[in-house]
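Below you'll find the structure, written out as structure tokens, and then a few comments.
So you know, we letter chains A, B, ... as the sequences are listed, proteins then strands, and number each from 1.
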Protein chains: 2
Amino acid sequence: MVPARLAELVDMRQRMLAVATRLFAAHGFDGTTLQDVADAVGVSKPAVIHHFASKEALRAAALDALLDHWKQTLPRLLLAATATDDRFDSLIGELLRFFSSEPDRARLVLRELLDRPYEMGRVMGGAVRPWLAAIAAYVERGQERGRHHADADPEAYVLHVLSFAIAAIASRDVLAGALDRGPRGESPEARYERELVRMTRASLFTPAERTRAARPARRKTRRRR
Amino acid sequence: MVPARLAELVDMRQRMLAVATRLFAAHGFDGTTLQDVADAVGVSKPAVIHHFASKEALRAAALDALLDHWKQTLPRLLLAATATDDRFDSLIGELLRFFSSEPDRARLVLRELLDRPYEMGRVMGGAVRPWLAAIAAYVERGQERGRHHADADPEAYVLHVLSFAIAAIASRDVLAGALDRGPRGESPEARYERELVRMTRASLFTPAERTRAARPARRKTRRRR
DNA sequence: CCTCGCGCTTACCATCTGGTAAGGAGCCGC
DNA sequence: GCGGCTCCTTACCAGATGGTAAGCGCGAGG
């Protein structure tokens with residue numbers, strides 16, 4: 001095979017990671033062969049092994065890259081959303097936009113959750129737990145001020161919101177297929193996501209707070225690339 | 001291998017289905033070999049092929065059995081929960097108990113959702129849609145009477161509740177690992193499920209209705225086997 | 001100009017996979 | 001008693017899979 005000179009300039013290792021992430025997300029680790037990855041990248045099978053010692057190493061690398069990306073992005077997102085009281089209610093929207101922009105990553109994480117519960121359990125207990133606690137503390141402050149429902153379990157709440165975002169995005173295309181188009185021509189996916197946001201907000205904010213938060217609407221809807 | 005006379009009396013086909021469901025749920029379809037199934041049942045590999053023409057047929061049969069079971073059980077459960085206004089708020093609890101009693105089935109459905117989105121999309125559009133509409137109509141009635149939040153999207157709400165129950169149970173063991181034991185020695189799993197129930201209720205019922213529904217608590221907590 | 005090493009190739013291999021062929025043990029109706 | 005049927009076995013197979021061996025092209029450094 002004659003190497004395409006142009007494509008060779010971009011980092012081959014990262015191209016392989018991106019392709020592997022997409023294929024693992026779509027067909028699962030066991031449902032994806034090294035040949036599939038090699039073909040999709042446009043190289044031979046041993047070329048993949050050359051960069052990642054084994055298929056298992058490729059999986060680990062793809063998962064690491066994914067978690068690294070999240071660890072870099074999510075905290076910034078969450079801290080920004082909890083920095084001022086006013087912006088906290090947009091947390092779900094931000095989270096959903098984040099995962100929505102890369103559904104493959106949501107699907108891959110969900111698959112890892114199913115395929116390797118023990119290892120992912122350690123990840124949960126280690127990496128995400130501190131962030132869970134930090135946001136939960138914010139929710140608790142809101143409870144003390146009467147802004148959040150007093151009977152909520154802050155940590156469990158945040159955990160569910162996170163899992164909702166992942167699971168909802170991972171299965172959005174399938175589940176939204178059971179919905180009709182909305183009254184104003186709204187797409188099923190839009191209805192699906194809007195109701196998810198409403199549910200997470202309504203289950204946290206007390207009524208008075210909810211109407212207050214809903215009023216100053218017009219916030220910038222930055223499109224994430 | 002000498003056949004165990006006792007075990008042979010129970011229906012071999014159903015034993016295979018049960019084992020396949022468990023293994024597919026745990027390791028996925030591609031992560032499970034016919035040999036795995038045969039070993040777990042205690043027969044030879046061609047014995048599995050004898051009952052199910054192919055591995056694919058085994059998957060289809062396992063999924064069919066699962067969906068049949070749900071189609072027989074869930075409607076009864078849901079109709080009972082929506083028959084009288086008072087009992088509707090226990091719907092989530094019932095749903096959760098239902099899936100909780102067979103987490104393997106929840107996991108298998110989640111995997112199918114990821115592995116074969118197109119086929120599952122047809123299932124959603126076909127089999128579950130009527131039930132979705134029926135329960136959504138109930139939610140709408142509640143909206144007209146001011147019992148349910150007026151800004152809720154009934155169909156999307158019910159869809160999310162269903163997906164919450166499936167996703168939450170499928171990943172419960174992993175996610176609950178990020179939680180501590182509750183104040184009164186409550187297990188992380190219990191906290192996890194209780195908060196899920198609270199969230200789904202709080203996001204549907206209006207405040208006045210919520211307190212009213214919470215009061216006559218003491219309902220029978222039948223244990224499902 | 002040479003050679004050294006990186007990134008990739010082709011050729012190959014042991015193992016495993018889903019599936020087939022053929023036959024044997026027990027049981028049923030006759 | 002016996003053919004035939006059901007359920008299951010052992011023996012086997014072609015293809016795919018993850019991974020290895022060896023070598024080739026080519027750019028960098030001496």
Q: Go through the side-chain N and O atoms of B/Arg172 and B/Ser100 and say whether any donor and acceptor fall under 3.5 Å apart.
A: yes
Atom [atom1] of [X] to atom [atom2] of [N]: distance rounded to whole Å?
X       : N      : atom1 : atom2 : result
A/Phe52 : C/dC8  : CZ    : P     : 11 Å
A/Leu58 : D/dT17 : CG    : C1'   : 15 Å
B/His50 : D/dT9  : NE2   : C1'   : 11 Å
A/Arg13 : C/dG7  : CZ    : C1'   : 14 Å

Determine, for [X] against [Y], whether the closest basic-nitrogen to carboxylate-oxygen distance falls under 4.0 angstrom.
X        : Y        : result
B/Arg191 : A/Asp153 : yes
B/Arg111 : A/Asp115 : yes
A/Glu195 : A/Arg198 : yes
B/Glu94  : B/Arg97  : yes

Q.
For a quick test of reading the model: is some side-chain N or O of B/His51 closer than 4.0 Å to OP1 or OP2 of D/dC8?
A. yes
Q | A/Ser44 side-chain N/O to C/dT9 phosphate OP1/OP2 under 4.0 Å | A | yes
Shorter than 3.5 Å, N or O on both sides, protein versus nucleotides 14-20 of chain C: list them out with atom names.
{"from": "C/dG18", "atom 1": "OP1", "to": "B/Lys55", "atom 2": "NZ", "distance (Å)": "2.9"}
{"from": "C/dG18", "atom 1": "OP2", "to": "B/Leu34", "atom 2": "N", "distance (Å)": "3.0"}
{"from": "C/dG18", "atom 1": "N7", "to": "B/Lys45", "atom 2": "NZ", "distance (Å)": "2.9"}
{"from": "C/dG19", "atom 1": "OP2", "to": "B/Lys55", "atom 2": "N", "distance (Å)": "2.7"}
{"from": "C/dG19", "atom 1": "O6", "to": "B/Lys45", "atom 2": "NZ", "distance (Å)": "3.2"}

Q. Considering only heavy atoms from C-beta outward, does the side chain of B/Val174 approach that of A/Glu119 to under 4.5 Å?
A. no
